[in-house]
Amino acid sequence: MFRPKVPTNPTPTGLVVPLTLDPTAAVRHSPPPTPVAQTSTRPAVRLTPGTTLALVGGGTAVVLVVGAVLVSMLLAVAISGASVAVCAVVLRSLLASGRTRR
């Protein structure tokens with residue numbers, strides 16, 4: 001009941017062949033392949049003053065854009081928090097004035 005059953009594997013021909021294990025099969029270990037030095041076919045990257053200036057300008061633009069997005073998100077959260085606080089104070093005062101009139 002609690003023994004796992006190995007499923008049968010269908011082959012592309014449609015025949016179902018059960019999985020069999022041969023316990024007497026010897027395991028052969030092959031030696032690991034010797035490492036071969038890889039030669040690069042790409043040329044080395046050369047930075048000219050123009051490409052360096054473009055990279056610095058692009059990096060600066062990315063930092064400025066990401067900073068502006070983060071600051072705007074922080075400002076939006078701060079404004080939302082302030083408006084919720086103002087609404088809470090107004091509701092509190094309305095509820096308090098309603099209690100004192102009775």
Side-chain angles (χ1 to χ4, degrees):
M1 179 176 164
F2 292 109
R3 291 188 176 188
K5 295 183 181 180
V6 179
T8 57
N9 299 323
T11 59
T13 59
L15 299 174
V16 178
V17 179
L19 180 65
T20 58
L21 297 176
D22 187 11
T24 60
V27 177
R28 297 182 191 173
H29 294 286
S30 61
T34 57
V36 178
Q38 296 283 333
T39 58
S40 177
T41 58
R42 297 187 319 173
V45 176
R46 298 181 188 262
L47 292 177
T48 62
T51 56
T52 303
L53 185 63
L55 286 174
V56 169
T60 304
V62 167
V63 167
L64 289 176
V65 168
V66 169
V69 168
L70 291 177
V71 167
S72 65
M73 288 174 61
L74 179 65
L75 186 62
V77 168
I79 290 172
S80 299
S83 66
V84 167
V86 167
C87 289
V89 168
V90 169
L91 284 175
R92 183 178 174 189
S93 67
L94 287 174
L95 290 175
S97 67
R99 289 182 191 155
T100 57
R101 289 184 185 170
R102 291 183 185 186

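- Legend: side chain to side chain donor-acceptor pair (under 3.5 Å) pairs involving residues 77-92, not counting sequence neighbours: none detected.
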For residues 61-78, which side-chain N or O atoms pair as donor and acceptor with protein atoms under 3.5 Å away, sequence neighbours left out?
| unit_1 | atom_1 | unit_2 | atom_2 | d |
| --- | --- | --- | --- | --- |
| Ser72 | OG | Ala68 | O | 3.2 |
| Ser72 | OG | Val69 | O | 2.7 |

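- The side chain to side chain donor-acceptor pair (under 3.5 Å) contacts involving residues 50-63 comprise Thr48-Thr51, where partners must be two or more places apart or lie in separate chains.
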